[in-house]
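The next block holds one structure in the form of structure tokens; read it before the comments.
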Amino acid sequence: QPSGSSKAPKPSFSKQDLQHYEESDFSWSKEVQAKLSSVFQLSKFRPLQQAAINLSMSGKDLFLVMPTGRGKSLCYQLPALCSKGFTLVISPLVSLMEDQLMSLKSKNVSAVTLNASSSKEDSKRVLAGMIDKNSPFKLLYVTPEKIAKSKLLMSKLEKAYNMGLLARIAVDEVHCCSQWGHDFRPDYKLLGILKRQFPNVPLVGLTATATSNVLKDCQKILCVQDPITLTAPFNRPNLYYEVRFKDNTDCTDQIAALIRGRYKNQSGIVYVFSQKDAEVVATDLQKRDILAQPYHANMEPSDKSLVHQRWSSKKIQVVVATVAFGMGIDKADVRFVIHHTISKSIENYYQESGRAGRDDAPADCIVFYGFMDIFRISTMVVMDNTGQQKLHNMIAYCQNVDRCRRAMMAIHFDEVWNDEECNQMCDVCRHGNDYITMDITQHARDVVEVVEMAGSMDEKLTPLKVCETWMGKGPAKRRKMIKVTSLSRLEVESIIIHLLLHGYFSEDFSFTPYTTHFYLKLGRKASLLKNDGHSITMKMKRVVSHDTVKKVSKSAGEKSSAKVEGKRPADSDYKKSVAKKVKTLP
Ligand code: ADP
Ligand code: MG
Ligand code: ZN
């Protein structure tokens, strides 16, 4: 029992309460367990599933927050099969409903839908089934629009309720209720009618992404009195997170080496920035004898599903995909997700990389972080009010050299993270202390001056131009006017990005009819550099030249069977030899 000294209000649902619901000695437990294996063909529950099911079976109202792909559906589908009557499921998209219906059909679970595209006969059958004591279906999927617009549906629900046949209400993607959430749907706002009309029917709201504020809002909108909220930790302990610098060479060679070496015969995804990249990278990998195919939004639906199928059945090893490859991917044994280009936000990265290792076996998530990619993405998200901030967070994740990668993610899920729980399953925790702290104040002054000088000549500089000018690659007359740096290209890039993230530079977009240009301009903090006392420090990864890394990794054995870097037998030697060759920074 916790001591009463803490000032925080007592949570209405404590750890002890949760433990009680993790048990399997409820009156329904035997049936639940039996159907888990006979119907769903699953051997055991994942974290929180059992508790969620027991709570819902006990008649409690519940909000369940769990990352995508962890198995939220089971938490209402299984109770539906173990209850009298049917469960009403509200789902925002017809396509999502169809996926679910298909998967349920393959398990011989009777489930139906009512939506705008249902035929008259189908609707009639469904509406009649709702008030049939023999319940010809256990789950009824509807869109929120249907609830809002169809009096006929509401009248049948009421009748079913009075007959004791409305077992449960599940609101999928429940964050859509709230305007504070990220994809607000007006019709979700009207769903409060359900709990007002059917107060005795337990409701479960499900979402992958909701902060506590959003949930509070949803609770109010849905008119749920006192729901219990279960939040699955965002952490995926079996995923190894790693960031690699993309230097000026293309990273396709490195990616190919990984796929043919460490991931031989294992399935994975390579995420790329654009449709064109998907085609190009897929071709490049094919040239290196890798069974890879592209996937992007501009392909014929039949081609898309063909690629998906081939990959699912291991006829091809890799899908080279844009973010269009996402919804409906249900492959459990994905061993690697490699990002050829960074994602546009940490949330996106978490989702995309999270498609690895759904079978709970170890899997790798590697992102290749390149300077020029930043600006491609930046111009792509230019219309989004929070686009730049989200991108900055993603960049900060990649620039980070001293904090657990999971800690960087936790911030975005309102979670407190204890680095030890990482178990060395990220590159920073595993190779810790491989960085130096550098005073970059003078460098910052110099490069800010480069941009200032261009401005005074009415000229705008792209980030690439800033790099080149600062490194002395511009016209001679300009070289004379600035202080050319002796830093390496990677250092120059890192410093420019650091200054952008910290407000010394900022984005300066310019639109032409064909494209959006990205220039650097002085940020709100640039003037601080004029103060003598102002200083900027930056943590930087030790810079190892590409050659060194290659040589070392060959001798230490890319062929080694160990799954992840740190388990290399020669790891300490590796570190030493790298350390010897690092360039000492000024
Ligand atoms: P979510 O709605 O949380 O994104 P889904 O309910 O669609 O996730 O489930 C994703 C996948 O996880 C499904 O293929 C499902 O079969 C699988 N799954 C669910 N529960 C378990 C479990 N206990 N063990 C193994 N796989 C599971
Ligand atoms: Mg879902
Ligand atoms: Zn870590």
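Whatever order the structure lists them in is the order used to number ligands and atoms, beginning at 1.
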Next on the checklist: Is there a salt bridge (Lys or Arg N to Asp or Glu O under 4.0 Å) between K246 and D373? Walk through the geometry before answering.
Outcome noted: CA-CA 10 Å; K246 221 179 191 180; D373 292 336; 2.6 Å; yes
Checklist entry - Heavy-atom contacts under 4.0 Å between Q49 and ligand 1: side chain, backbone, both, or neither? => result side chain
Next on the checklist: For F325 and H308: C-alpha separation, side-chain torsions, deciding distance, then whether ring pair (Phe, Tyr, Trp, His ring centres under 6.0 Å) applies.
Outcome noted: CA-CA 9 Å; F325 192 58; H308 189 176; 5.7 Å; yes
Checklist entry - Considering only protein heavy atoms, which is closest to atom 3 (O) of ligand 1, and at what distance to one decimal place? => result K72 NZ, 2.8 Å
Checklist entry - Under 30°, 30 to 60°, or over 60°: which ring-plane class applies to F336 and Y263, parallel, tilted or perpendicular? => result parallel
Item to check | Minimum side-chain heavy-atom gap S83-M57 below 4.5 Å | outcome: yes
Checklist entry - Of all the non-hydrogen atoms in the protein, which one sits nearest to atom 25 (C) of ligand 1, and at what distance? => result L42 CD2, 3.5 Å
Checklist entry - Tell me, do Y295 and V320 make a side-chain contact under 4.5 Å, heavy atoms counted? => result no
Item to check | Apex the Zn ion (ligand 3); atoms C422 SG and C429 SG; angle rounded to 10 degrees | outcome: 110°
Checklist outcome for this item: For G69, the ligand 1 atoms with a heavy-atom partner under 4.0 Å come out as 1 (P), 3 (O), 4 (O), 8 (O), 10 (C), 11 (C), 12 (O)
Checklist outcome for this item: Quick look: S43 vs ligand 1, heavy-atom contacts under 4.0 Å, and the answer is neither
Next on the checklist: As an exercise, identify every atom of ligand 1 less than 4.0 angstrom from a heavy atom of T68.
Outcome noted: 4 (O)
Checklist entry - Counting only heavy atoms on the protein side, is anything nearer than 4.0 Å to atom 21 (C) of ligand 1? => result yes
Checklist entry - Quick one: which ligand 1 atoms are inside 4.0 Å of a heavy atom on R70? => result 3 (O), 8 (O)
Next on the checklist: Using a 4.0 Å cut-off to any heavy atom of F45, which atoms of ligand 1 qualify?
Outcome noted: 23 (N)
Next on the checklist: Give me the nearest non-hydrogen protein atom to atom 8 (O) of ligand 1 as residue plus atom name, then the distance to 0.1 Å.
Outcome noted: G71 N, 3.2 Å
Checklist entry - Does R46 reach ligand 1, in the sense of a heavy atom lying below 4.0 Å from it? => result yes
Item to check | Heavy-atom nearest neighbour in the protein, as seen from atom 11 (C) of ligand 1, with distance rounded to 0.1 Å | outcome: D330 OD1, 3.7 Å
Item to check | Sub-4.0 Å atoms of ligand 1 with respect to non-hydrogen atoms of P67 | outcome: 3 (O)
Next on the checklist: Parallel, tilted or perpendicular: which one describes the rings of F26 and W28, with boundaries at 30° and 60°?
Outcome noted: parallel
Checklist entry - Looking at atom 18 (N) of ligand 1, is any protein heavy atom nearer than 4.0 Å to it? => result yes
Item to check | Stepwise ring pair (Phe, Tyr, Trp, His ring centres under 6.0 Å) check, H340 with F368 | outcome: CA-CA 5 Å; H340 178 268; F368 281 85; 7.7 Å; no
Checklist entry - Looking from the Zn ion (ligand 3), what is the angle between SG on C404 and SG on C426, to the nearest 10°? => result 120°
Checklist entry - Looking only at atom types and distance, does a side-chain atom of Y21 sit under 3.5 Å from a main-chain N or O of L48, one as donor and one as acceptor? => result no
Next on the checklist: Could you tell me, atom by atom, which parts of ligand 1 come under 4.0 Å of a heavy atom of K44?
Outcome noted: 22 (C), 23 (N), 24 (N)
Item to check | Heavy atoms from other residues, nucleotides or ligands near NZ of K344 exceed 12 (cutoff 6.0 Å) | outcome: no
Checklist entry - Which residue owns the protein heavy atom closest to atom 7 (O) of ligand 1, what's the atom, and how far is it? => result S73 OG, 3.6 Å
Checklist entry - Is the cationic atom of R406 (NZ for Lys, CZ for Arg) positioned less than 6.0 Å from the six-membered ring centroid of Y241 and within 45 degrees of its normal? => result no
Next on the checklist: If the threshold is 4.0 Å, N to carboxylate O, is there a salt bridge linking R403 and D419?
Outcome noted: no
